[in-house]
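All remarks here apply to the structure that follows.
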Amino acid sequence: MRKKLLVLGIFIFMLVFVHYFNKHTILNNEKECARLEQICTAERQQNSELKLEYIRLSARERIQKYARQNLSMILPDQSDNSVHYVKETKLKDETKRFSLIDFFVPSMEALTKE
């Protein structure tokens, strides 16, 4: 009978120990989850701010303004369809003749006399 009571006592002690150990583990996991949720919220907020800054910095008007002011660049007029003529000197050997217009501006397709 004493052995049965001792085994029952040990069994009850182990149940209580396992119950509180699990409760302690669950509470620690809940705290960790709450902490991770706060970090995730902060990272999402920072991500939103960085996306807005990226949109602001990659705006076409801002880039054009920066290029004009700091790099002395200009945006060519899109309605300018003028033709630019290039005078080439005559060579004695016409087989060695080529046009650099196509090299510098491939979209121009220089017209050469055949």
Side-chain angles (χ1 to χ4, degrees):
M1 183 79 176
R2 238 181 210 278
K3 284 187 174 183
K4 288 183 182 179
L5 284 176
L6 183 63
V7 170
L8 184 63
I10 291 174
F11 182 71
I12 290 174
F13 175 76
M14 294 203 37
L15 282 177
V16 170
F17 176 76
V18 169
H19 172 72
Y20 282 109
F21 180 75
N22 283 340
K23 191 173 183 180
H24 176 71
T25 304
I26 290 171
L27 288 175
N28 282 342
N29 288 341
E30 286 178 355
K31 288 177 185 177
E32 181 70 13
C33 186
R35 185 183 69 80
L36 290 174
E37 284 178 356
Q38 288 178 345
I39 290 172
C40 185
T41 303
E43 293 296 327
R44 282 187 180 141
Q45 177 68 28
Q46 184 180 12
N47 192 22
S48 299
E49 291 171 3
L50 289 174
K51 283 181 181 178
L52 289 174
E53 185 176 0
Y54 172 76
I55 290 171
R56 182 185 65 82
L57 291 175
S58 64
R60 172 172 265 208
E61 294 80 20
R62 191 195 78 77
I63 293 172
Q64 288 175 355
K65 181 180 175 184
Y66 181 84
R68 219 178 12 257
Q69 291 175 351
N70 299 338
L71 304 175
S72 301
M73 298 174 77
I74 60 167
L75 182 66
D77 186 15
Q78 299 298 328
S79 63
D80 183 23
N81 292 329
S82 61
V83 176
H84 299 278
Y85 294 99
V86 178
K87 185 174 182 176
E88 296 179 344
T89 58
K90 294 218 175 205
L91 296 174
K92 293 179 183 177
D93 186 8
E94 289 292 326
T95 60
K96 295 181 180 177
R97 186 177 190 161
F98 65 94
S99 177
L100 288 178
I101 299 295
D102 292 329
F103 178 73
F104 290 124
V105 188
S107 62
M108 291 292 289
E109 293 183 12
L111 299 176
T112 57
K113 293 182 182 179
E114 295 293 329

Identify every side-chain donor-acceptor pair in residues 46-56 under 3.5 Å, counting partners at least two apart or on other chains, and give the distances.
residue : atom : partner : partner atom : Å
S48     : OG   : R44     : O            : 3.0
E49     : OE2  : Q45     : NE2          : 3.2

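Taking hydrophobic clusters as Ile, Leu, Val, Met, Phe, Trp and Tyr residues chained together by side-chain heavy-atom distances below 4.5 Å, F21 does not share a cluster with I12.
Shown here for L57 and I63, the closest heavy-atom pair between the two residues is O-CG1, 3.9 Å.
Applying the side-chain hydrogen bond (donor to acceptor under 3.5 Å, both in side chains) test between N28 and each of E32, E30, K31, H24 identifies H24 as the sole match.
How far CG of N22 is from CZ of F17: 9.5 Å, rounded to the nearest 0.5 Å.
Between K65 and R62 there is no side-chain heavy-atom pair separated by less than 4.5 Å.
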